[in-house]
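Each remark here refers to the structure printed beneath this line.
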Amino acid sequence: MTSTATTASSTEPTGDRPAVAVRHLLAQVGRYTFLCVVLGFFALPLLWLATAPFDDTPTVTASLPAFTLDNFRALLDNPYALSSLLNSVYLAAGTAVLVVAFAALAAYALSRVRVPGRDALLYGLLLLSSIVTGTATMVPLFELAFRLNLIDSRLGVILILSGGLLPAAIFILKDFMDSTPTSYEESARVFGASPLQIMRHIVVPLVRPGLATVGVWAVANVWGNFLVPFLLLRGPDKAPAAVIMYTLYTEGGQADLRLLSTFSLLYSLPVALMFVFVSSRYGFRFHGGIKR
Amino acid sequence: MSAITMRELTKVYPGGVRALDALDLEIADGEFFALLGPSGCGKTTLLRTIAGLEVASGGSVRIGERDVTNLPPGRRDVAMVFQDYALFPHMTVRDNIAYPLRIKKVDRRSRAGKAGETADELGLAGLLERRPGQLSGGQQQRVALARAMACHPQVFLLDEPLSNLDARLRLEARTFLKRLQRELGVTTVFVTHDQAEALALADRIAVMEGGRIRQVGTPTEVFRRPANTFVAGFIGSTPMNLIAARVHGEELAVARARLPLPEDARDRVTDGERLVYGVRPEYLDYSASPVDGALTGEVVVVENLGSVSLVSLDVPADDPDAADAPDGGAGPDGDAGPDGGDGPGAGLAAGDTGAGAGRTSVQVVVPEGSEPEPGDTGWVVPRPGRSLLYRDGNLVTAAPPAGVPAPRAGVAARS
């Protein structure tokens, strides 16, 4: 951008019409060149992810592949590769269900009930949540899991991850709950609906986009989490994909680019597909029965 | 039956705001009842307290024979239509109407049938599969009414039922609502800030101010004989003229004119007493030539209201200290002065009009074709039997307060 500015000012002799047009053109050219560079910077790694798995001898550079499917065959020979993806699904789904269910109930309560110090509580939780699953608390968490017999158990990983995600999820969902008018619920109350019925019939369908958002966000978080499952799960048979990725090295400690690139592709596809599916299914549609 | 009785009902919000102040009210069975007042007067709180959405801080609410003061809303057998209708956006019209039945555990088939029947009655037959967002404002309102009707409640509560409709649709919906209420014969309470709506719809009206009821009566009573100056100013599309006045024997000195004492107040006033004279602009006749027993002044504003015009005249105020009364009014003048000084009379007339000292404004409704021009001098004569006197803000009258009417069954009452 700075280069366009200097060229533009140097090519401006008097400020009459053609000069202004030239300056405008140069500014345009400069802007698009800059955008292309930025785009290339971010697109190259993705391009590598798309080409390297199909390359006979992948390197760290993206190039036109010598097409082969051998990499996939080699990956299938690895006993833990596919099952680790399944493990990831277990952990992500379990955590997402717990987080969505508890966050919805807590957010509804916090949104509708006046508790003194409610906002302070929310901000405090939000602040602490980044610590719970952070590196700093790994030792006490490990100790806790050990005492509770939750070492090498998927449930333990799910509980710890849920605990870390819940505060932020409550915070996000409370915003959704706050923006739904209370007259819906009051109307249902006058008809005799119980609080749980109101939650099930009215509130959950109304904040469904919010629930979907939180669910996707939780899945993506768990999918990418390495530290918690790495420390708490012992054998490779329960390890999720993020941990198995770490084992795809040759004996010499060198990254096996053929396996690594192929596994990376398989690892990232489910999350990408989930985003597409959820946004098409639960996109932000709101039918509106409130006349404003 | 389903009369509603409130005794010393009080609601104090946590912040200390007293929304309802020891309020007593009786609503007869089958009545169409309006709660009317300016915003913040407690009318919506009262409706929500009847519904059970607010818990009373004191006093009691009875519906029929049952004391419902501490019952949750779902067990009071009432239905409420909210100002924004609160139709569930994710349900079809059919599911919305059937929702109260779903809560009552009616099985799926019979509640769909019942919803269809109710929708038919309100002319919503073709819309059952639509979502609320696909309906017009008037249709949404009827769906909300149908949902309230579906569970056959003892009482309907409507919060500002017409305020979300545009002007033309509002008239149509008003007629529709009144007819529906007559046919169903269910006790209905509605809240409104629009006095015209209350006059048009209700069998009886309670005018509220500051958490208290200022007057309860039929639309005619409230319009013709407002019990106090607040109601007089609030009811009517043009507020009542309120002018400082003084009793002079059998006559009333108002704005330098002599008017006959209103029949009702004849034996209830003392000579020389200072009062407030009230007459509606609709009950004044304008004349371009001098008439006996008329207020006179200069025309300052003419507002066209369609078939009639509202004319404002600047009338010289009756200055109590000038004492130009020729008929020996000097005697009582002395002791009436301090007595009337703290009354609402003088302050009200000056404050209301803003016309400055010694002048007061009188408004009169003039039929089309005979409108004066600003700057003309006009005379206005009150029609006999339509003027009122207020002492300390309250009507000087012989009539006792109106009682509660007998229960009224609907035309096509549920047999």
Side-chain angles (χ1 to χ4, degrees), chain A residues 100 104 108-119 173 176-215 278-292, chain B residues 14-15 47-48 50-54 71-93 95-105 130-141 143-144 147-148 150-151 153 155-157 159 163-166:
Chain A
V100 168
Y108 180 58
L110 283 172
S111 165
R112 294 300 187 249
V113 180
R114 300 244 151 260
V115 196
R118 180 186 61 177
D119 291 342
L173 272 181
F176 276 91
M177 301 281 185
D178 284 347
S179 64
T180 57
T182 50
S183 60
Y184 290 135
E185 293 144 46
E186 287 179 344
S187 178
R189 257 177 79 201
V190 174
F191 294 129
S194 68
L196 270 181
Q197 277 176 319
I198 293 175
M199 187 81 193
R200 236 180 31 240
H201 298 160
I202 316 292
V203 178
V204 165
L206 283 179
V207 299
R208 212 165 48 178
L211 298 179
T213 307
V214 167
V278 169
S279 80
S280 68
R281 177 104 169 72
Y282 298 111
F284 285 80
R285 286 173 304 169
F286 197 66
H287 294 290
I290 293 281
K291 177 116 170 146
R292 289 175 205 280
Chain B
L47 193 79
R48 290 171 61 87
I50 298 174
L53 292 170
E54 305 285 351
L71 283 185
R75 293 180 47 207
R76 296 190 175 200
D77 203 10
V78 300
M80 184 158 170
V81 175
F82 287 78
Q83 184 175 3
D84 54 20
Y85 311 140
L87 298 175
F88 308 133
H90 56 285
M91 295 186 191
T92 61
V93 168
D95 290 343
N96 261 295
I97 297 176
Y99 188 73
L101 303 171
R102 181 172 165 194
I103 294 297
K104 294 208 169 116
K105 305 252 188 298
R130 296 228 195 142
R131 295 280 167 94
Q134 299 165 305
L135 302 177
S136 71
Q139 288 167 338
Q140 287 186 0
Q141 193 207 28
V143 173
R147 185 171 65 175
C151 55
V155 173
F156 282 131
L157 303 171
D159 189 4
S163 67
N164 269 336
L165 302 171
D166 47 57

(request) Would you please test A:E186 and B:R48 for side-chain contact (heavy atoms from CB on, under 4.5 Å) and show each step? (result) CA-CA 10 Å; A:E186 287 179 344; B:R48 290 171 61 87; 2.7 Å; yes
(request) Please answer whether the main-chain N or O of B:I103 pairs with a side-chain N or O of A:H201 as donor and acceptor at a distance below 3.5 Å. (result)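 No, A:H201 side chain to B:I103 backbone: no donor-acceptor pair under 3.5 Å.
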(message) I'd like to verify something: which residue of B:G74, B:G52, B:P14 has the highest number of heavy-atom pairs under 4.5 Å with chain A?
(response) B:G74
(message) Looking at chain A, which one of B:A148, B:P100, B:C151, B:A51 has the largest number of heavy-atom pairs inside 4.5 Å, strictly under?
(response) B:P100
(request) Evaluate the criterion side-chain contact (heavy atoms from CB on, under 4.5 Å) for residue pair A:S187 and B:R147; output intermediate values, then yes/no. (result) CA-CA 10 Å; A:S187 178; B:R147 185 171 65 175; 3.0 Å; yes
(request) Answer whether the closest heavy-atom distance between the side chains of A:Y184 and B:P89 falls below 4.5 Å. (result) yes
(message) Under 4.5 Å from any heavy atom of chain A, what part of B:R76 do you find: side chain, backbone, both or neither?
(response)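 Nothing of B:R76, per the 4.5 Å heavy-atom cut-off to chain A.
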(request) Measure distances from B:P72 to the heavy atoms of chain A and classify the residue's part below 4.5 Å as side chain, backbone, both or neither. (result)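 For B:P72, no heavy atom lies under 4.5 Å from chain A.
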(request) Using a heavy-atom cutoff of under 4.5 Å, enumerate the residues of residues 188-195 of chain A that contact chain B, numbered in order, or state 'none'. (result)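 Listed by number: A:A188, A:R189, A:V190, A:F191, A:G192, A:A193.
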(request) Enter the distance from B:Y99:OH to A:Q197:CD here, rounded to the nearest 0.5 Å. (result) 6.0 Å
(request) Determine whether more than 12 heavy atoms belonging to other residues, nucleotides or ligands lie under 6.0 Å from atom CZ of B:R75. (result) no
